[in-house]
Amino acid sequence: MTNLDPRFLRTQGYINGKWVDATSGARFMVSNPADGTQIAQVADMGAEETREAINAAHEAFPGWAARTAGDRSKTLRKWFELIVQNADALAALLTAEQGKPLTEARGEVIYGASFIEWFAEEAKRIYGDVIPSTGADRRFIVLKQPIGVVGAITPWNFPSAMITRKVAPALAAGCTAVVKPAEDTPLSALALAVLAEEAGIPPGAFNLVPTSKAAPVGEAMTSDTRIRKISFTGSTAVGKVLMKQAAQNITKVSLELGGNAPFLVFDDADIDAAVEGALASKYRNAGQTCVCANRFFVQDGVHDEFAHKLAERTKELLIGRGDQPGVQIGPLINAAALTKVEHLMADAKARGAIILTGGEPHNQGDLFFTPTVITNVNPDMDIANTEIFGPVSALRRFNNEDEAIALANDTPFGLAAYFFARDMGRVWRVMEGLETGIVAVNTGLFTSEVTPFGGVKQSGIGREGSKYGIEEYVEIKNVCLGGI
Ligand code: SIN
């Protein structure tokens, strides 16, 4: 096992600039999904500590908001630089607690840092407006002001980048934040706090409340009127609960929820490129991203060629512990994740799916599943309607473009969609017809700090990253200046 840098292996919460234990003294275990070994025992906090963190964030807010944009920008820039300087150590920690291959973990750390760099710059561009007046004696001005204290709840599949994607725009706008990292992966979050402190982010501006009990912490956030914004990435089911709770105080929400991404391959596609795109999208993080290709639809004329080539390339993927050189597929995050994939596969097999490769758990360890390609998938199978969150490519056929768009849109979700085609008219028609917040054309990878990430329908509300991301953390104030 890779040695973890003790400087970053923190096991206490971070509240008001101090490293603190849970009031009860309780701790929960964080284990390595590759072999089940314990990495750390982390402070198990609850509603009480969440309120302390909100107190701290509330007190820090006026001072942080009053700093100049340039000052906040410099502090964030320093945080970005420190993360980049320590990327290897942070990646080792991320792989240990999350399981993804080291190269992907390092990629995530750098991707996460890119949001800090980006929003450090955007801090200086939160422009207001002057609106031409309707009366000679008055002027209209629009101010953009920080929304206040932000509660952020982040997922285990990107334990570093989903924190920075929320906290960087919040801090850039002048907000302060209380973050609940995922139970399976709190260590990357705590390591980010080490460097936030070193960068000079003041006490109370960025607080972390690790816990194994998400519900009371979430409720402490949504019920507190000092929290003006909840930003959540995770399942649609939990997003609905948080949105309902947030409605009590009309707290604003940003929700980045389930995906169920369609991946369409048309007759005119470059099939080899489509196969490479499918590998990149489907098997990133062992299939555990909200934007992983989830439902493959392949046109009749190229179905067999695509299926065969995808299966051949899938067989070549190297499965193993994320800290081993060259590994491309790590373990799933926990036993529940493996059980879910096993159930989906059993149901698909029983209903007539044809397995081209894989289909079983892998003997690397208790949480590994062999990368799989199945065909003959039909709409009655659970796998056709469920976000798989595992390394299984499930292929269905289609006959024409209208059918493909209808199939792709036949879901309550609408985060990302992928398609491969070369006819320019088709590219426009399909791109416009897909009901998703993101469309990737002729590529399997698209995320970046400069573009807006977010979904439509039950995939969420709001956008993260890009010039739009900061809007989630500001309020618009209309000032009417009379008596001129
Ligand atoms: C996600 O799966 O929620 C994030 C994926 C990404 O940002 O690339």
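All of these numbers come straight from a predicted model, not from anything done at the bench. Ligands are counted one by one from 1 in listed order, and the atoms in each one are counted from 1 as well.
What sits closest to atom 3 (O) of ligand 1 on the protein, heavy atoms only, is Glu256 OE1, 3.0 Å. Given atom 7 (O) of ligand 1, the protein heavy atom at minimum distance is Tyr111 OH, 2.7 Å. Scanning all protein heavy atoms for the shortest distance to atom 5 (C) of ligand 1 gives Phe158 CE1, 3.7 Å.
Salt-bridge check for Arg321 with Asp323: passed, with a basic side-chain N closer than 4.0 Å to an acidic carboxylate O. Salt bridge Lys252/Glu472: absent, no basic N to carboxylate O contact under 4.0 Å.
Counting only heavy atoms from C-beta outward, the side chains of Val392 and Met345 approach each other to under 4.5 Å. Using a 4.5 Å heavy-atom cutoff, the side chains of Leu264 and Leu434 are in contact. A 4.5 Å side-chain heavy-atom check between Ile333 and Asn157 finds every atom pair outside the cut-off.
Inclusion of Arg165 in the set of residues having an N or O under 3.5 Å from an N or O of ligand 1 is warranted. Backbone and side-chain nitrogen or oxygen atoms of Cys290 are examined, and one is located within less than 3.5 angstrom of a nitrogen or oxygen of ligand 1.
At a cut-off of 3.5 Å, with distance as the only test, no side-chain donor of Asn385 or Arg295 sits close to an acceptor on the other residue.
In this structure, the side chain of Glu97 engages the main chain of Leu187 through a donor-acceptor pair within 3.5 Å. One N or O on the side chain of Asn442 and one on the backbone of Ala421 form a donor-acceptor pair closer than 3.5 Å.
Of the heavy atoms in Thr289, both backbone and side-chain atoms come closer than 4.0 Å to ligand 1. When heavy-atom distances to ligand 1 are checked against a 4.0 Å cut-off, Arg284 comes that close only through its side chain, counted from C-beta outward.
Using a 4.0 Å cutoff on heavy atoms, Phe446 does not count as a contact of ligand 1.
Counting the atoms of ligand 1 from 1 in the order shown, those under 4.0 Å from a heavy atom of Asn157 are 2 (O). The Met162 neighbourhood of ligand 1 comprises atoms 4 (C), 7 (O), with distances under 4.0 Å to a heavy atom of that residue. Ligand-side atoms of ligand 1 in range of Thr447: 6 (C), 7 (O), 8 (O), range being under 4.0 angstrom from any heavy atom.
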